[in-house]
There are 2 protein chains.
Amino acid sequence: MARERKIDMVILGLLSHEDLTGYDIKKRIDGAISFFWKGSFGNIYPALKGMENQGLITKNDTSVGGREKTTYHITESGSDALKDWLKEEQASNELKYETLLKLFFGGAESRGVSVHNIEVFEEQIQKDLKVLKKYSEALEKSLDVEDHIYYSLTASFGIKTYEAYLKWCAKAKKMLKQRGGK
Amino acid sequence: MARERKIDMVILGLLSHEDLTGYDIKKRIDGAISFFWKGSFGNIYPALKGMENQGLITKNDTSVGGREKTTYHITESGSDALKDWLKEEQASNELKYETLLKLFFGGAESRGVSVHNIEVFEEQIQKDLKVLKKYSEALEKSLDVEDHIYYSLTASFGIKTYEAYLKWCAKAKKMLKQRGGK
DNA sequence: AAAACGATATATCAAATTGATATATAAAGG
DNA sequence: CCTTTATATATCAATTTGATATATCGTTTT
C-alpha cells in the first residue's frame, strides 16, 4: 500500500515557487528534475484533483478563446505539508537499471551482445551528461549564485554519477573484450 | 500502459540458472540484484501465474509435511523469451532519489535540514557500499572467475557509483556549511 | 489561404508496481 | 515449552507507468 503519494511533494515543491498548470508541471519535471525523478500526466492530473480536495492547493480556471486552462496555487496548508516532508529524514532512493539486469543475466548469451548493450547505455549517458553540463554552466554564470546553490548541487550529483558510469563503461567493455570468449 | 512486465525477465533470468520457488526468487532479488532492481511478492506471484499460463515456465507442486511448495522451471519458450529480451538494445534506466528531491526543493527551508538529509543519505550509502564490497571480494576469491565476470561487473558498477555519491556528499556538505546562511 | 505540423492543455485507462497485511508451517534457540 | 525467526503463498488498495484520445493555438510549408 504505497501510503504517500510522492508526486504530491514534487508538485508542491514546484508550486512553492510559482503558480502552474498541470502541463507546466510536466514540463518542469521533464527539465532539471528529470534525471532524478519522473512524472506523467496520468500521475499529475489525479494528484492535482486530490490535493485540491485536501485543501493543499487551490485552482483558478481561465479560458483564452476556446482554450481552457487551470492554474494551481499552493495554500498555507500545502506549504506546511511540504515543510513536514522536507524535515522527515527517511527518503527512498532507488535505481532501476535494465542495462545492468541484462548484463547480469547475459552470461549465457554472446559476449558481443553484452558489449553492445553497454555501448548503447554509454551513448545515452554521454548525451544526458552533455545536457546536464550545459544546464550546470548556465547556473554558474547566473548572478544570484546563492539562490541557485540547491540546483547546482543536484546537477553536480548527476554529473558526478554520470562520469562514474562512463568510467565503468570503459572498464567493463575492456574486460569483456580482453577475455575473448564467445 | 506498461506493456512489458520487467519482473518476468528477472524471474526468467533467475530460473535460467536453477529451479526456484516464488519465495526463493524474492530472496535472490533481495541479494545481489537489489541495488539495481527491486521485486515484491505482490509482483512475483502474479507474474509466475501469468508466465505459467503463457508456457514460459512450468510448475511442480510438492508438499513436505503440511507445507506446500511450488517450484518453477523455465521452458524452452521461456528461454527464448529471455534471449529475445537480452538482444533488444532498448533499456530503461532510471533513478528515483527522494534525497535529491528534498535537496532541490529544500531551498526555502533551513540549511541545517539539507545538511542533515545529506548525512542520512551518506550513512545509508556507506552501509550499502560495505555490503557490496564484501560481496565483490568474495567473488574475486572465487576460483571460477570466468563464470562470475558478469556478477563482478554489476557489483563494480555499484561500487563506482556509490563512491561517486560519497564524494558528492562531502562536497555538498562542505558547500552548504561554508556559505553559512539560514 | 489552406494544409500540415508542433506545442499547449486536459483527461482517461489498462497494466504494472509498491508496500502492506494475512495466514500457516517449520526450524532454531533459550 | 515457548518464543522468535525463516519459509511459503496469496491478496489488496493505492500508486505509478505509458499509452491514447481529444481539441485548440501558433508557426511553417505548399
Side-chain angles (χ1 to χ4, degrees), chain A residues 1-11 19-31 33-34 36-54 57 59-72 90-98 101, chain B residues 1-11 19-31 33-34 36-54 57 59-72 85 90-96 98 101:
Chain A
M1 221 185 317
R3 297 191 166 288
E4 199 184 34
R5 218 163 34 189
K6 294 281 162 62
I7 190 69
D8 283 6
M9 299 305 139
V10 180
I11 293 172
D19 292 355
L20 298 166
T21 66
Y23 187 79
D24 290 334
I25 288 165
K26 175 77 166 96
K27 272 196 298 181
R28 294 288 187 289
I29 294 175
D30 287 346
I33 296 177
S34 69
F36 62 87
W37 207 270
K38 293 262 185 306
S40 65
F41 290 127
N43 204 7
I44 293 163
Y45 285 109
L48 287 170
K49 266 187 192 167
M51 288 198 290
E52 206 228 328
N53 288 335
Q54 288 171 72
I57 56 177
K59 69 171 176 175
N60 181 25
D61 294 308
T62 52
S63 69
V64 187
R67 183 74 148 287
E68 284 171 46
K69 200 167 138 167
T70 306
T71 307
Y72 290 91
Q90 56 157 17
S92 79
N93 297 303
E94 51 187 81
L95 56 175
K96 287 207 151 185
Y97 270 36
E98 202 177 349
L101 217 46
Chain B
M1 221 186 317
R3 297 193 166 285
E4 197 184 34
R5 218 163 36 191
K6 295 281 162 64
I7 191 67
D8 283 6
M9 298 306 138
V10 180
I11 294 172
D19 292 354
L20 297 165
T21 67
Y23 187 80
D24 291 332
I25 288 166
K26 175 75 165 94
K27 273 195 300 178
R28 294 287 187 290
I29 294 176
D30 287 347
I33 296 177
S34 69
F36 61 87
W37 206 269
K38 292 262 187 302
S40 65
F41 289 127
N43 204 6
I44 294 164
Y45 285 109
L48 287 170
K49 266 188 192 167
M51 287 199 288
E52 207 229 326
N53 288 336
Q54 289 171 71
I57 55 176
K59 71 171 173 175
N60 180 25
D61 295 307
T62 52
S63 70
V64 186
R67 183 74 148 287
E68 283 171 48
K69 203 168 137 166
T70 306
T71 307
Y72 290 91
W85 170 72
Q90 58 158 14
S92 79
N93 297 304
E94 52 187 81
L95 56 175
K96 286 207 153 186
E98 202 176 350
L101 216 46

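Values reported hereafter were calculated over all heavy atoms of this structure, with side chains retained and with hydrogens, waters and symmetry mates removed.
For a distance-only test at 3.5 Å, the side chain of B:Arg5 fails to qualify as a donor-acceptor partner of the base of C:dT17.
When distances are taken from the side chain of B:Arg67 to each of D:dA8, D:dC25, C:dT18, the shortest belongs to D:dA8. Comparing D:dT24, D:dT7, C:dT10 against the side chain of A:Tyr23 picks out C:dT10 as the nearest. In this structure, of C:dA9, C:dT18, D:dT17, it is D:dT17 that holds the atom nearest to the side chain of B:Glu94.
Within the 4.0 angstrom heavy-atom criterion, base atoms lie near A:Gly42. Among the atoms of the strands shown, base atoms are found under 4.0 Å from some heavy atom of B:Ser40.
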(request) Would you check, one step at a time, whether the test side-chain contact (heavy atoms from CB on, under 4.5 Å) holds for A:Met51 with A:Tyr72? (result) CA-CA 10 Å; A:Met51 288 198 290; A:Tyr72 290 91; over 6 Å; no

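Within a 6.0 Å radius of CD in A:Gln54, other residues, nucleotides and ligands contribute more than 12 heavy atoms.
Considering only side-chain N and O atoms, B:Lys6 lies nowhere under 4.0 angstrom from the phosphate OP1 or OP2 of C:dT17. In this structure, B:Thr21 reaches the D:dT9 phosphate: one of its side-chain N or O atoms is under 4.0 Å from OP1 or OP2. Between A:Lys69 and C:dT8 there is no side-chain polar atom (N or O) within less than 4.0 angstrom of OP1 or OP2.
Checked against side chain to side chain contact (heavy atoms under 4.5 Å, CB included), B:Asn53 has no partners two or more places apart in sequence or in another chain. Here B:Lys6 pairs with A:Glu98 under the salt bridge (charged side-chain N to carboxylate O under 4.0 Å, His left out) rule; sequence neighbours left out. Residues satisfying the side chain to side chain contact (heavy atoms under 4.5 Å, CB included) test with B:Asn60, not counting sequence neighbours, are B:Thr62.
Residue-to-nucleotide proximity on DNA chain D shows that, of B:Thr70 and A:Trp37, the 5′-proximal contact is made by B:Thr70.
The nearest whole Å value for the distance from the CD1 atom in B:Ile7 to the P atom in C:dA15 is 18 Å. Rounded to whole Å, the distance from NZ on B:Lys96 to P on D:dT15 is 13 Å. In this structure, B:Phe41 atom CZ and C:dT23 atom P are separated by 17 Å, rounded to whole Å. Taking atom CG on A:Leu95 and atom P on C:dT18, their separation rounds to 13 Å, with Å as the unit. Between the P atom of C:dA16 and the CG atom of A:Asn43 lies a distance of 18 Å, rounded to the nearest Å. Atom-to-atom, CZ of A:Arg28 to C1' of C:dA9 comes out at 14 Å; the value is rounded to the nearest Å. Atom CD in A:Glu68 sits about 11 Å away from atom P in D:dC25, given to the nearest Å. Per the geometry, CD1 belonging to B:Ile11 stands 12 Å off P belonging to C:dA16, to the nearest Å.
In plain terms, the two heavy atoms of B:Gly22 and B:Leu48 that are nearest each other are CA-CD1, 3.7 Å. The two residues B:Ile29 and B:Gly39 have their closest heavy-atom pair at CG2-N, 3.6 Å.
Residue pairs satisfying the side-chain hydrogen bond (donor to acceptor under 3.5 Å, both in side chains) criterion with at least one member in residues 21-30 of chain A, sequence neighbours excluded, are listed as follows: A:Glu18-A:Arg28, A:Thr21-A:Asp24, A:Lys26-A:Asp30.
Annotation: the span from A:Ile44 atom CD1 to A:Ile25 atom CD1 amounts to 6.5 Å, rounded to 0.5 Å. Between B:Glu94 atom CD and A:Tyr97 atom OH the span is 9.0 Å, to the nearest 0.5 Å.
Taking every heavy atom of residues 44-52 of chain A and every atom of DNA chain D, no pair lies under 4.0 Å.
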Below 3.5 Å between N/O atoms, which protein atoms pair up with nucleotides 2-4 of chain D? Just atom names and distances, please.
none

